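Scroll down for the structure; my scribbles are underneath it.
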Number of protein chains: 2
Amino acid sequence: MVAEQAGVSVATVSLVANGKTAGRVSADNLAKVRAAIDELGYVVDGIGSSLAKGVSSIVILVAPDISNPFFAKVISGVREALGADYQLLLSVTDSGQFPLAADVRRLMSLRPAGLLVDAPNSSFLADLSISGPLVLLDAPGLAEFAPAVNLDVAHGARQLAAHLAAQGHRQVAYVDSVTGTETFAVRRAAFLAEAATLGIEVAAEHTVETTIDVGAAAAAFAAAWPDWQRAGVTAVVCSTDTHAYGVLQEARVAGVRIPEELAVAGFDDLPYSATSSPGLTSVHLPAAPLGLEAGALLRRLMQGEVLERAEVTLESSLVVRGSTSAGAI
Amino acid sequence: MVAEQAGVSVATVSLVANGKTAGRVSADNLAKVRAAIDELGYVVDGIGSSLAKGVSSIVILVAPDISNPFFAKVISGVREALGADYQLLLSVTDSGQFPLAADVRRLMSLRPAGLLVDAPNSSFLADLSISGPLVLLDAPGLAEFAPAVNLDVAHGARQLAAHLAAQGHRQVAYVDSVTGTETFAVRRAAFLAEAATLGIEVAAEHTVETTIDVGAAAAAFAAAWPDWQRAGVTAVVCSTDTHAYGVLQEARVAGVRIPEELAVAGFDDLPYSATSSPGLTSVHLPAAPLGLEAGALLRRLMQGEVLERAEVTLESSLVVRGSTSAGAI
DNA sequence: CTGAAAGCGCTTACAG
DNA sequence: CTGAAAGCGCTTACAG
C-alpha cells in the first residue's frame with residue numbers, strides 16, 4: 001500500500017480512508033495520511049476492499065428495458081437517493097428480455113451492496129433467491145419476495161376507461177405487450193374490468209400482442225384494423241405509449257383520422273407523447289419518484305435496517321390529449 | 001472453496017473453472033470437478049478472482065446520455081460484440097452530464113477488463129489517463145487518445161444543407177446542444193459550411209442552445225420564433241431529434257404550419273421521428289453498428305492485441321420526411 | 001492511539 | 001497430472 005509513505009502502518013491508512021478515525025487515530029497521523037493520500041492521488045482499490053469487507057459499494061439495477069425513455073427518469077431518481085456512497089451500475093439485456101437468473105447470479109459474484117430489480121416476473125424472482133439487500137420496482141403482487149415500490153397503474157387504467165366511456169366509445173381494442181411482466185397484466189385487467197362496468201366491450205378478437213416496439217405495433221395494427229373497423233371499434237388502448245406511437249404512425253399511413261375515426265391511448269406518458277400529433281392521451285406514471293423511493297428503501301436496507309414487507313405505492317393518473325379528444329392538443 | 005468436495009485441490013478446481021485444463025487435468029478429475037460444480041451450483045467468486053488476476057470480467061460503458069433511445073441500439077450492438085465472456089455495466093450520470101474523472105477513477109478501482117466511453121470531450125479524456133483497454137465511441141478528432149469508432153455526421157449534415165437549399169430555403173436557424181460534446185460541434189460546423197457554399201444564411205442571432213430536452217427546446221423556440229419569423233427564417237435545423245420534437249410541439253401550439261411555413265430537421269433519426277406528425281427529416285446515424293464495432297475493437301484490445309490509432313468511421317445519411325417536404329410523410 | 005497478523009476467495013508459478 | 005504455498009490489496013479484531 002503506497003500511502004505508507006506517510007510513515008504509518010497500512011492499518012492506520014485503512015482507518016483514515018474509511019473514515020473510521022473516531023478515537024482511533026491521532027490528529028497528527030490523520031493529517032499526515034490525508035496529505036499522503038492527496039499527494040499520491042490514492043484511491044482505495046475496490047477489489048481488495050470488497051474482498052476484505054465481503055461486499056462492494058456497487059448497486060446493480062437490473063431492468064428489462066432501459067431503452068424506454070421512462071427509465072431515464074427512474075434512474076435519475078435512484079441516483080439521487082443513493083448519493084455518492086454507492087456506484088450505480090446498470091445490468092442491461094436485450095430490450096424487453098429479462099436476464100436469466102444465471103446471469104444475475106454471476107453479477108452477484110461481484111458482491112454488490114444491493115440489488116434493484118425493475119419489473120420482474122415472479123418466476124424470475126423465484127429462481128433468484130438472493131440474500132442481500134434487494135428492492136423491487138414496479139412489481140405488483142410480488143411484495144412477498146422483497147420490499148417493493150409499485151405504481152398504482154390500475155387507478156390510471158380505470159380513469160382511462162371512464163374517459164373513453166364518457167366520449168361514447170363502446171367497442172374498444174387493446175394492444176398488449178408480449179413481455180410477461182406483471183404490470184402489463186394489471187394494466188389490462190384493470191382497464192377491462194372498469195370498461196366492462198361502463199358498458200364498453202373489449203372483445204377477445206380485438207386484442208393483439210406485440211413486443212414493445214413502434215414498428216411491431218404498427219404492423220400489428222395494420223393487420224388488425226380492417227377487422228376492427230368492420231366490427232365498429234372506435235378506440236384502441238395500448239399497453240405502452242411506444243405501442244401507441246406505432247398505431248398513430250400506421251393510422252396516418254392508412255389515412256385513419258385521429259381521434260374522430262379512432263381514439264388512441266397509451267400508458268407511461270413518455271416525453272414524446274406531448275409532442276406527437278395529435279398529442280397522445282396516456283396514463284402518467286411517476287418515474288422519478290419510483291426511482292427515488294426504491295433507492296431510499298434500498299439504502300435503508302444496506303445500512304442494516306430490517307424492512308419486512310415494505311410496500312410503497314405511487315399514484316398514476318390520466319393525461320388527456322388530442323388522440324382521444326378533439327378539443328385537446 | 002466448497003467444490004473441494006470433488007476430492008481434489010483448490011488449484012485443480014480453479015483450473016477447471018477457468019477452462020485451463022489442456023494437458024493439466026486428468027479426464028477423471030475433470031469429470032469429478034464438473035459434477036461437483038454442477039451439484040453445488042458453484043459460481044467463481046468475481047471479487048476473489050479479480051483480485052488474483054488483476055482484472056475483472058466487467059466492461060464499463062461510460063456515457064453522458066443513456067436516456068436517448070439512440071443509445072439502446074448502441075448498447076445492444078456492444079453486447080453482441082462482447083458476448084458472454086464479459087459483463088457489460090453502464091455507468092450512468094444525470095442526463096447530458098459527463099461523469100467527473102474522479103468518478104471514473106473510482107470505477108477503475110473495480111479493475112474493469114475494458115472501458116468504452118461514448119461521446120467524450122477532450123478535457124475529460126485528458127483528465128482520465130487510463131492505462132487499460134479503452135475504446136471511444138463517437139469521439140471525432142480524439143483518436144489520439146484511444147482507438148475510436150466515429151460517425152461521419154458531417155456527411156449527413158452536408159446532405160441536409162443540400163436538401164434545404166434545393167427546397168429554396170435561404171434563411172435558416174440552428175438549435176444547438178449545450179453539452180460540450182465534439183459531435184455537436186462537428187454537426188454544426190459541417191452544416192454551416194455547406195450551407196454557406198449553397199447560399200443559405202444561418203445568422204449568429206438565429207442560433208440558440210438548449211439542453212437535450214423536449215421542453216427546453218420548445219421554450220427556446222417559443223422565445224426565438226417571433227424574431228426568426230420577422231427575419232424571414234423558413235427552416236430550423238436541430239442538433240438532435242429531441243430538440244426537433246420540442247420545436248414541432250411548440251410550432252403546433254403556436255399554429256406554425258410545418259413544413260409550409262417552417263421546415264424542421266434534426267440529427268439521430270430516433271425511432272419516434274418516423275412517427276411524429278409530420279415525420280421528422282433527420283440525419284440517420286448507425287447506432288447498432290457503432291456499438292458493434294466498438295465492442296469488437298475493445299474485445300481485441302482485451303485479448304492483448306495492440307491497435308495503434310485505430311479509427312473506424314461509419315456513414316450517416318439524410319432521411320427526408322414530411323417536416324421538410326410537403327410531399328413526404 | 002498504533003501496528004503486526006490473519007484472512008477475504010481466488011490464481012498461478014513451482015516443486016513434485 | 002497434482003497439490004502446497006504465495007500473493008493479489010484491503011480490513012479488522014487483537015495485543016500492546
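What you are looking at is a predicted structure, and each value in this text was computed from that prediction instead of being measured. Protein chains get the first letters and strands the later ones, always in sequence-line order, with residue 1 at the start of each.
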B/Asn18 CG to C/dT12 C1', straight-line distance once rounded to whole Å: 10 Å
Which nucleotide in D/dG9, D/dT11, C/dT2 has an atom nearest any side-chain atom of A/Ser49: D/dT11
Rounded distance (nearest 0.5 Å) linking atom OG of A/Ser177 with atom CG of A/Asp213: 11.0 Å
Of B/Gly48 and B/Ala27, the one whose closest DNA chain D nucleotide lies more 5': B/Ala27
5′-ward residue of the pair A/Val25/B/Ile47 relative to DNA chain C: A/Val25
Could you pull out every donor-acceptor pair under 3.5 Å between side chains of residues 55-62 of chain A and any protein atom, sequence neighbours left out?
residue : atom : partner  : partner atom : Å
A/Ser56 : OG   : A/Ile58  : N            : 3.2
A/Ser56 : OG   : A/Arg111 : O            : 2.8

Watson-Crick and G-U pairing of DNA chain D written in dot-bracket, each distance under 3.5 angstrom, with | for inter-strand partners: |||.||||||||.|||
Sub-4.5 Å side-chain heavy-atom contact between B/Met302 and B/Leu82: yes
Within residues 296-305 of chain B or reaching into it, pairs that qualify as side chain to side chain donor-acceptor pair (under 3.5 Å) - sequence neighbours excluded: B/Asp85-B/Arg299, B/Arg300-B/Glu305
B/Tyr42 side-chain N/O to C/dG9 phosphate OP1/OP2 under 4.0 Å: no
Residue mapping more 5' on DNA chain D - nearest nucleotide basis, A/Lys53 or B/Ala52: B/Ala52
Selected nucleotide, minimal atom distance to A/Asp45 side chain, candidates D/dT11, C/dT11, D/dG9: D/dG9
Integer-rounded Å distance: D/dT2 C1' and B/Asp28 CG: 13 Å
Among C/dC8, C/dT11, D/dT12, the nucleotide that comes nearest once only the side chain of B/Ser14 is considered: C/dT11
Closest non-hydrogen atom pair, A/Ala287 against A/Lys73: CB-CB, 3.5 Å
Selection: residues 107-115 of chain A, any non-hydrogen atom under 4.0 Å of DNA chain D: none
Could you list the protein-to-nucleotides 3-5 of chain C atom pairs, N/O on both sides, closer than 3.5 Å?
residue : atom : partner : partner atom : Å
C/dG3   : OP2  : A/Ser9  : N            : 3.1
C/dG3   : OP2  : A/Ser9  : OG           : 3.4
C/dG3   : OP2  : A/Thr12 : OG1          : 3.2

Closest approach of B/Pro133 to B/Leu301 (non-hydrogen atoms, all atoms of both residues): CB-CB, 3.9 Å
Integer-rounded Å distance: C/dA6 P and A/Leu51 CG: 17 Å
B/Gly77 versus B/Leu292, closest heavy-atom pair with distance: O-CD1, 3.3 Å
Any residue meeting salt bridge (charged side-chain N to carboxylate O under 4.0 Å, His left out) with A/Asp138, in chain and number order, not counting sequence neighbours: none
Exercise: identify the closest heavy-atom pair between B/Leu15 and B/Thr21: O-CG2, 3.9 Å
Rounded distance (nearest 0.5 Å) linking atom CD1 of A/Ile47 with atom OG of A/Ser49: 9.5 Å
Shortest non-hydrogen separation from B/Leu298 to B/Leu134 and the atoms involved: CD1-N, 4.0 Å
